[in-house]
Amino acid sequence: MTELSNPARSRALLIGAHSFTDPDLEPLPAVARNLDRLAELLRDPSVWGLDAGHLSVLAEPDRDQALDEAGRLADEAEDTLLVYYAGHGFVHDLSNELYLALPRTDPRRLYTALRYQDIRELLLGPQVRARRKVVILDCCWSGLALHGAMSATGLGGLSDIGGTFVLTATSETRTALAPPGETYTAFTGELIGALERGVPEAPPLLTMTTLYRHLYDALVAKGRPTPQQRNGNTAGAIAVARNRHRPPVPGPGPGPEGAVTSVEEPPVEEPSDEKPSDEDSSDEDSSARGTRVRLPGRRRRRTVVMASALVVAALGSLPVALNLIGGDGSDADAKAKSNLTVTIGVSAPLSGDLVSLGRGIRDSADLAVKKANADNAVPGVTFKIRALDDKGDVASGRRNATELVADRSVVGVVGPLNSAVAQVMQKVFYDAHLTQISPSNTAPALTLGDGWQQGTFARPYNTYFRTVANDTAQAPAAARYLYVKSKRRKAFVIDDKQTYGASLAQSFKKTFGEEGGTIVGESHVDAGRRDFSTQVSQAVNAGADVVYYGGEYDAAGPLSKQLHAASPGVLVAGGDGICSDTYATVAGDGADGDICTMGGAVPGSLPSAETFIKDYKAAGYNSSYSSYGGYAYDATSALIQAFKSLHVDPSDTVLSAKRESLRAAVQNVAFDGVMGKVGFDANGDAVSQAVTVYRLSGGAWKAVQA
C-alpha cells in the first residue's frame, strides 16, 4: 500500500542557479521563483509537511556548498531523500557527462560546474540511510542522468540502485525551457501546478509515477520538451505529496439549468487499466502503476460533462474558425491571414577569429532569403533567417542547435562553419527531424561515418547535408598537386586536433604516400596555437619541402610566417580553411607559393555566380561573401526549394510539424545553383565533388588547377 514519505524522517535539498558571472550564460530569473514556491509547497502540511529544518534551499551556491549540504542531509535522512536542481546544464565533450551550472561556472571549464556524477556517488554512499531517494533535474541535457553514454557502465543514472526515482525535464539531447513571461520554468511550472492544484482522477497520494505521467501529458500537450523518468524496483510508488485535487461536491436537488448534480459517495480504488507510456521504464514494478478513483455513477456523469465540454469548446472555437476567412469576409483580409513567416536558422562564427567566414555565410543566406521573398518563390510565405553566433566553439554550437530546435518556426538550418561544431549538432537536429545543410564542413565522417577510412560508409544522420566537397576529395587533390606539379617529395603534417583538421591530415598522408611521397614527421597541436617554433624546427630538421596544415587560417597564417622566416623554400599547404585573405595578410610576403584547396570554386571564377556577386555587393553587407558565401546561398536556396515542394497551407502555424517532410524533400532537390549543380547523394554529400587548387601570389589566392 502506498504511504506518504514520513516528513519527520525525510530530507529535501533544492539547488538552483539563476544568475551567472559568465556573459554567455543567460540569466534564469524563473529558477529563483521555482525554489521559493517549491519550498513553500513542500513545507505545507497539505502537501508534504516538511519541517523547515529538514528542507534546505541553496539559491546560488558554489560547488562545495552544494555537495556539503547534500552530504549533511544524506546523513540525516532515514525515510526519503529528495534532491532537486534547476539551472543550465552542460555535456562534457570527452566524457559525455552531465554538469550542472553554478553562478561562477565557466562553460569552457566545466570543472567549475557541479558534476552530476558527484551527486550520484554521494547519494549512493554507504553512510546514506535513506531507504528511498528522489532526484529531480530541470536543466538542458538532464536526460543524460538516465540514458547517457555512461549508463552502460552503471554511471548514467541512479536507476541501477533499488528505491531510487530520477525525473528529468528533458531527454539527453534536448534543452529545457524557460518561457518568456512565465513565472516558472516550463517543467517545474507544471510540477508546481500539480502540487498546488492536485491531479484529477489520481489517488489521495501522488506517487512519482503519477506525477511523471501528469507532467508528461501536460508538457506534450503544450509542445514543450518531453520529461523522462527511470526508477529502480518499486521507486515509482514513492509519494512525497498529498493530492490536493478535490472534485466539486454539489448538494442534492436540482441545480442551475443544464447542470448535473449528484451526491458524492466515498471513492473506491481500483487498479488502473491505463498503459504506461513508452517513456516509463520497463523496470518499474507493476505494483507501482498507480490507481484510479472510481465513483459510483461516474460513467454516466462523465459522459454528460464531456458533452457539455465539447459544446463549450465548439462555441469557443467558432470565432477562430470564422477569422480564417477574414473579419469582414474580404479577400484582402483573407490574404493577410494567409501570410506565413518561415524561419531558416543559421549557425556560424559571428565573433572571434573566424568572423570573416561566419559573416559571409550569414549574409549570403540572408541574400538568398531576400531574393526568394522578392520573387514570391512560395506564394503566401515570407522567409527570414535567424542567425546565431557559434564562435566556432563546440559548446556554443550545441546551445545554438537546441535553441533552433525549440523555435517552432524554424524549418531548416544553414551551417555551421566548423566540422567539429557540426559533429555535436548533428544528433540534436536528427532527434528533432530538423534539416541542416552546411556550406563548409568537409570532414568525411559527418556523412560517411567513422569507418570511412576503412572503406565502410554508413550515414550517421539523414538530416545532415552539405553543399561543399568533403575531404575525401579535397586533401588528395592537394597531395597530387604537390607531388606531380610542385615536385614536392617530403611532407611534415600538422593538425589542430579538431574533426576538420584531423580528417584533412589523414587524407593527405594517405594520398601523398600513394603518390610516392614521404611523411617525414607529424604533430598535433591545440587549435589556439600561434607559436609553431617547435614544429618549424622539426620540419626543417627532417628535410621537409612542404608542411601540410589541417586547420583554419587563423593558425595557419602564423605558421606560414614562422616557417618561411626559418626556411623560405618550404611551402605551406592546407584545405579550404586557410583559403582566406586574412591568411595572406598574416603570413606576409614570404607566403607566396603556399597552396590551399576548395571544393568547387570561388564564386568569382564562375559565370554562374556573377549575379550572386552583383546582388551581394548591391545589398551593402559589411562583410565579404568569402570562401563559403556561394555555398551558403545554395544551401539556403535548397531549403527554400524543398519547402516550396511541400505545398504548405499558408494558414498553417505549426511549422515544426513539417520538418520531416522537408528533410525528405531536401534529399531530392536538384537545380543549377551559384556554385554549379546542387543536389545530394544517398549520404547527404554534394553531387559535385570538384576541387580547385589555389596558389598564393602577390597576397591573393589564384586558381591553378581545377
Side-chain angles (χ1 to χ4, degrees), residues 10-43 48 50-78 80-92 95 97-130 133-142 144-145 155 157-158 164 166-169 176 178 184-185 187-188 191 240:
S10 299
R11 301 291 186 271
L13 172 61
L14 308 183
I15 304 171
H18 62 269
S19 63
F20 307 92
T21 57
D22 190 291
D24 290 337
L25 293 182
E26 180 185 359
L28 299 172
V31 167
R33 297 190 287 269
N34 286 356
L35 298 182
D36 290 343
R37 185 55 181 149
L38 277 177
E40 292 174 354
L41 288 167
L42 295 180
R43 287 194 293 259
W48 192 4
L50 280 180
D51 183 82
H54 297 166
L55 171 65
S56 181
V57 179
L58 299 180
E60 296 279 72
D62 60 31
R63 180 179 176 278
D64 289 343
Q65 287 175 326
L67 290 176
D68 287 347
E69 189 64 4
R72 182 184 73 82
L73 295 175
D75 289 342
E76 294 179 2
E78 296 177 351
T80 298
L81 175 62
L82 182 150
V83 176
Y84 165 93
Y85 170 84
H88 288 298
F90 303 101
V91 183
H92 196 287
S95 67
E97 290 185 75
L98 175 65
Y99 281 74
L100 312 175
L102 299 171
R104 296 187 177 277
T105 290
D106 180 346
R108 293 157 292 278
R109 298 173 178 83
L110 286 187
Y111 56 80
T112 60
L114 178 60
R115 181 172 171 252
Y116 171 71
Q117 175 65 5
D118 291 338
I119 290 285
R120 176 186 179 276
E121 290 176 355
L122 187 152
L123 297 184
L124 300 181
Q127 79 283 359
V128 178
R129 293 178 293 167
K133 307 172 190 72
V134 174
V135 177
I136 302 175
L137 302 175
D138 187 356
C139 63
C140 299
W141 324 111
S142 53
L144 276 175
L155 298 177
L158 292 170
T164 302
V166 184
L167 178 61
T168 69
Y184 310 113
T185 60
F187 170 81
T188 299
L191 175 61
V240 294

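Worth saying up front: this structure is predicted, and the values here are computed from it rather than measured.
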Pairing residues for D22 by the side chain to side chain contact (heavy atoms under 4.5 Å, CB included) criterion, not counting sequence neighbours: D24, L25, D106, P107, R108
A59 versus L35, closest heavy-atom pair with distance: CA-CD1, 3.6 Å
Step-by-step side-chain contact (heavy atoms from CB on, under 4.5 Å) determination, V135 to T168: CA-CA 8 Å; V135 177; T168 69; over 6 Å; no
Distance, nearest 0.5 Å, that separates OH of Y84 from CG of L42: 10.5 Å
Point-to-point distance, once rounded to the nearest 0.5 Å, from NE2 of H92 to CH2 of W141: 15.5 Å
Point-to-point distance, once rounded to the nearest 0.5 Å, from CG of D68 to CG of L73: 11.0 Å
A17: side chain to side chain contact (heavy atoms under 4.5 Å, CB included) partners, not counting sequence neighbours: F20, E60, Y85, P103
Between OG on residue S142 and CZ on residue F187, distance to nearest 0.5 Å: 7.5 Å
Smallest separation among heavy atoms of L50 and A12, with atom names: CD1-CB, 3.6 Å
Distance (rounded to the nearest 0.5 Å) between L55 CG and W48 CH2: 8.5 Å
Side-chain (R115) to main-chain (L98) donor-acceptor, under 3.5 angstrom: no
Greater than 12 external heavy atoms within 6.0 Å of R104's CZ: no
Shortest non-hydrogen separation from I15 to P61 and the atoms involved: CG2-CG, 3.9 Å
For N34 against A86, the heavy-atom pair lying closest together: ND2-CB, 4.1 Å
Any residue meeting side chain to side chain donor-acceptor pair (under 3.5 Å) with S56, in chain and number order, not counting sequence neighbours: E69
Nearest heavy-atom neighbours spanning L100 and C139: CD2-SG, 3.8 Å
Side chain to side chain contact (heavy atoms under 4.5 Å, CB included) involving E26 - partner list, sequence neighbours excluded: H88
Verdict with reasoning, I119 to L67, per side-chain contact (heavy atoms from CB on, under 4.5 Å): CA-CA 7 Å; I119 290 285; L67 290 176; 3.9 Å; yes
For D51, salt bridge (Lys or Arg N to Asp or Glu O under 4.0 Å) partners two or more places apart: none
Distance, nearest 0.5 Å, that separates CD of Q117 from CG of L124: 8.5 Å
Qualifying residues under side chain to side chain contact (heavy atoms under 4.5 Å, CB included), relative to A32, sequence neighbours excluded: H18
For Q65 against L58, the heavy-atom pair lying closest together: O-CD1, 3.9 Å
Flag for T105-Y99: side-chain donor and acceptor within less than 3.5 Å: no
